[in-house]
Student: 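Handing you this structure, nothing more for now.
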2 protein chains.
Amino acid sequence: MKLSASGLGQQAAHEGENKCLNSELWHACAGPLVCLPTVGSRVVYFPQGHSEQVAATTNKEVDAHIPNYPNLPPQLICQLHNVTMHADVETDEVYAQMTLQPLTPEEQKDTFLPMELGIPSKQPTNYFCKTLTASDTSTHGGFSVPRRAAEKVFPPLDFSQQPPVQELIARDLHDVEWKFRHIFRGQPKRHLLTTGWSVFVSAKRLVAGDSVLFIWNENNQLLLGIRRATRPQTVLPSSVLSSDSMHIGLLAAAAHAAATNSCFTVFYNPRWASPSEFVIPLSKYIKAVFHTRVSVGMRFRMLFETEESSVRRYMGTITSISDLDPARWPNSHWRSVKVGWDESTAGERQPRVSLWEIEPLTTFPMYPSLFPLGLKRPWHPGSSSLHGIVPY
Amino acid sequence: MKLSASGLGQQAAHEGENKCLNSELWHACAGPLVCLPTVGSRVVYFPQGHSEQVAATTNKEVDAHIPNYPNLPPQLICQLHNVTMHADVETDEVYAQMTLQPLTPEEQKDTFLPMELGIPSKQPTNYFCKTLTASDTSTHGGFSVPRRAAEKVFPPLDFSQQPPVQELIARDLHDVEWKFRHIFRGQPKRHLLTTGWSVFVSAKRLVAGDSVLFIWNENNQLLLGIRRATRPQTVLPSSVLSSDSMHIGLLAAAAHAAATNSCFTVFYNPRWASPSEFVIPLSKYIKAVFHTRVSVGMRFRMLFETEESSVRRYMGTITSISDLDPARWPNSHWRSVKVGWDESTAGERQPRVSLWEIEPLTTFPMYPSLFPLGLKRPWHPGSSSLHGIVPY
DNA sequence: GTGTGGGCCGAGCGCCGACAA
DNA sequence: TTGTCGGCGCTCGGCCCACAC
């Protein structure tokens, strides 16, 4: 077992896994809304959210079998000691590993609260993402590159040759090199990737509906990522793992860490969690919970990621504010806001969101602010010490 | 969440996973030494053993991060409510799921102890297993069937045709049908599988070193299984799973079940655990621990599985008897026997075994029996009630 | 008895422009 | 602008034997 230099006992990354160095590529594959908190900053951890994620992986409801952890609050304020970005060797699935240390009430009180809002995720500008068509993934042909994308992202072709051809080299998350023949031909003229494309498709087991990303990083390297379509049920290949055990394990680890002031490790898969995360920057939490007035009937905006990995704003109205699970996680702010969505695609949007996910339209409220939440539901998890710091 | 008819709250099998019906095939793929206990019988569960298995999957040592479960004894006597055999949809990896209910001291005392030793695993007799060669898995050719195996297992060919040909149909663990052309040709004559073989190899992603099994079951069906070679490090594809969490979860689930007299679920992968299991029949445990005299210097035999899935006997000498982990699991009999192996391949054999794995050669001890273990280390985990039942 | 390689035939991979949406 | 198709050349998948250990 490796320990880091800080000596805090945080868990080393699993041996044998590739460390992801291409931060841009990781963020691009994770999605435009991903924003990891800064190492050394403070975050809020929601056991409830993490449990939801575990349950989601096995498509099973959280059952009542699990023991109670009465000393485990619905949210833990933690010091973030480490963030490591990973990509699964088999599937290229990206995820982050965080080492968290719950703070004692003492520590929570002692320190000032710098308003760090996390690393602004390095959203690459010079990149494109395309969802693969049946023709793209068939063995019959190559990859049809959208014209604007090719002109913006790919190196310019030498149009003196006919047809113009060049070799593209791109690296994936595991630093594996992929070579493609990029040609501009056909009638009408178009950009195509031919030789090298099919081996990439079969190696990554891509199917129609999955997406590929081409990105330039700061070091002038062309990066290549994939994003798989959300399939109905990705069967967990981990045969020995019981989701109950994982669920219990997460709760037990968090509770133990909180009780002994030690570290615990959580894994964060942005493709699953987004947009409802379970580790968020403390400053974001405080701003949303204590400095923002929210009430039933209020209008709000919220960012969502589309299939094409762009960002869209959706509008909605707050219909009620209450605990998601009053029995097991009383006074948790996680997904405490019930909302109604404006558009007809409302069925696809989740009916519950968290305060820090939405952007209230306070300037034009549809109804008068009857019950400002920030005043009615003060800080509670045994650490009223924060009251002195956060004025409201 | 589905509950079984017994109402005991045992966990249903994961939805969406194929239930394995071919018991023979399951056992064949699991290995010749596999023997699952009978439903309704009593077993002993070793949390320590299970933790070892979890650690093995990530090739990481069990660290000291985990909370203590002072109420969790080193072994739990449990009622076995359910055993389900599974095969991973992706990899065909076989594993069993067991629902266990820890018994109260009352229950342990009240009931008689029938000497069930588990289902004698249905070891198929009419079968063969071959480790694949480079030629077998190459795209250039088919599968070369060992002559004796073909003559014993495959249906007899019609030698009136030249060359003799027939179609073989076999079913795998997921009840998927595979068709092969079986031909007897070449100079010298040999049995080959040609058409259909390569699709099987690529579908199962078989490589040289993996094994295939052909088995006849009771219903006169030809079954087809695979057993992958032990590769250096099978990276766990489960990205969100922390082995710490799993480890803690298993301990917490077991401790909680023991405290509340409820059920918990364990997964058992015979290819990993063999031959040191963590769920064994109670009768086997009692026989080994209380009715067998073992001492330092004593000679013993032990069964091992060879690469070719046959069984071999190895001889050795007991060098010491002590707890594997006196601090965390005091008085556990799990791998309490340190041994030295006779052969030069000793480095490959584990240096510690459990009492129920070995077969002491009491008739010809090399050294006199100085410290019979059964007498020196009586039953302990708070249930001395068993003393009255097990005479010694 | 069985693993590997050469020969050799043909299915299908993969490159091309022609359409049409 | 780009998804799909018919065309067609050529690679390699796959069936055969010879040979060697």
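Order of the sequence lines sets the chain letters (A, B, ...), proteins ahead of strands, with each chain counted from 1. Side chains included, hydrogens not; waters and symmetry mates left out as well; all remaining heavy atoms used.
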Student: What is the distance, to the nearest angstrom, from the NE2 atom on B/His140 to the C1' atom on C/dA11?
Tutor: 16 Å

Student: Note down the inter-axis angle between the two ends of the helix from C/dG1-D/dC21 to C/dA21-D/dT1, five pairs each, to the nearest 10°.
Tutor: 40°

Student: Please determine if B/Asp136 and B/Lys130 form a salt bridge, counting it only when a charged side-chain N lies under 4.0 Å from a carboxylate O.
Tutor: yes

Student: What is the ring orientation for A/Phe143 with A/Phe128, classed by angle as parallel under 30°, tilted 30 to 60°, or perpendicular over 60°?
Tutor: parallel

Student: Looking for any heavy atom pair under 4.0 Å, which part of the strands does A/Arg190 touch: base, sugar-phosphate only, or nothing?
Tutor: base

Student: It should be established whether A/Arg185 places a side-chain nitrogen or oxygen under 4.0 Å from OP1 or OP2 of nucleotide C/dG17.
Tutor: yes

Student: With a 4.0 Å cut-off on N to O distance, would you call B/Asp210 and B/Arg227 a salt bridge?
Tutor: no

Student: Show your working on ring-ring contact (aromatic ring centres under 6.0 Å, His included) between B/Tyr127 and B/Phe214 and close with a plain yes or no.
Tutor: CA-CA 5 Å; B/Tyr127 83 105; B/Phe214 283 89; over 10 Å; no

Student: Count the heavy atoms of every other residue, nucleotide or ligand shown that sit under 6.0 Å from NZ of A/Lys179, and state whether that count exceeds 12.
Tutor: no

Student: How many Å lie between CZ on B/Arg147 and P on C/dG3, as a whole number?
Tutor: 14 Å

Student: 5'-most contact on DNA chain D: B/Thr195 or B/Gln187, nearest heavy atom basis?
Tutor: B/Thr195

Student: Looking for any heavy atom pair under 4.0 Å, which part of the strands does A/Ser144 touch: base, sugar-phosphate only, or nothing?
Tutor: sugar-phosphate

Student: Does B/Lys130 have a side-chain nitrogen or oxygen under 4.0 Å from the phosphate oxygens OP1 or OP2 of C/dG3?
Tutor: yes

Student: Nucleotide range of DNA chain D contacted by chain B, 5' to 3', under 4.0 Å to a heavy atom?
Tutor: D/dG13 to D/dC19

Student: Assign A/Ser135 to base, sugar-phosphate, or nothing according to its heavy-atom contacts below 4.0 angstrom with the strands shown.
Tutor: base

Student: Out of curiosity, A/Ser144 OG to A/His191 NE2, how far, rounded to the nearest 0.5 Å?
Tutor: 10.0 Å

Student: Taking atom CG of B/Leu132 and atom OG1 of B/Thr137, what is their separation to the nearest 0.5 Å?
Tutor: 6.5 Å

Student: Could you tell me how the ring of B/His86 sits relative to the ring of B/Tyr95: parallel (under 30°), tilted (30 to 60°) or perpendicular (over 60°)?
Tutor: parallel

Student: Over how many whole Å does the gap from B/Leu193 atom CG to C/dG3 atom C1' extend?
Tutor: 16 Å

Student: By nearest heavy atom, map A/Pro188 and A/Pro163 onto DNA chain C; which one lands nearer the 5' end?
Tutor: A/Pro163

Student: Rounded off to whole Å, could you give me the CZ-to-P distance for the B/Phe143 and C/dT2 pair?
Tutor: 10 Å

Student: Would you indicate whether the side-chain heavy atoms of A/Val153 and A/Asn126 approach each other to under 4.5 Å?
Tutor: yes

Student: Remember a base hit wins even if backbone is also touched, and classify B/Ser138 as base, sugar-phosphate or nothing at under 4.0 Å, heavy atoms.
Tutor: nothing

Student: Which residue lies toward the 5' end of DNA chain C, A/Ser198 or B/Ala134, if each is placed at its nearest nucleotide?
Tutor: B/Ala134

Student: Answer with base, sugar-phosphate or nothing: what part of the nucleic acid does B/Thr133 contact at a heavy-atom distance below 4.0 Å?
Tutor: sugar-phosphate

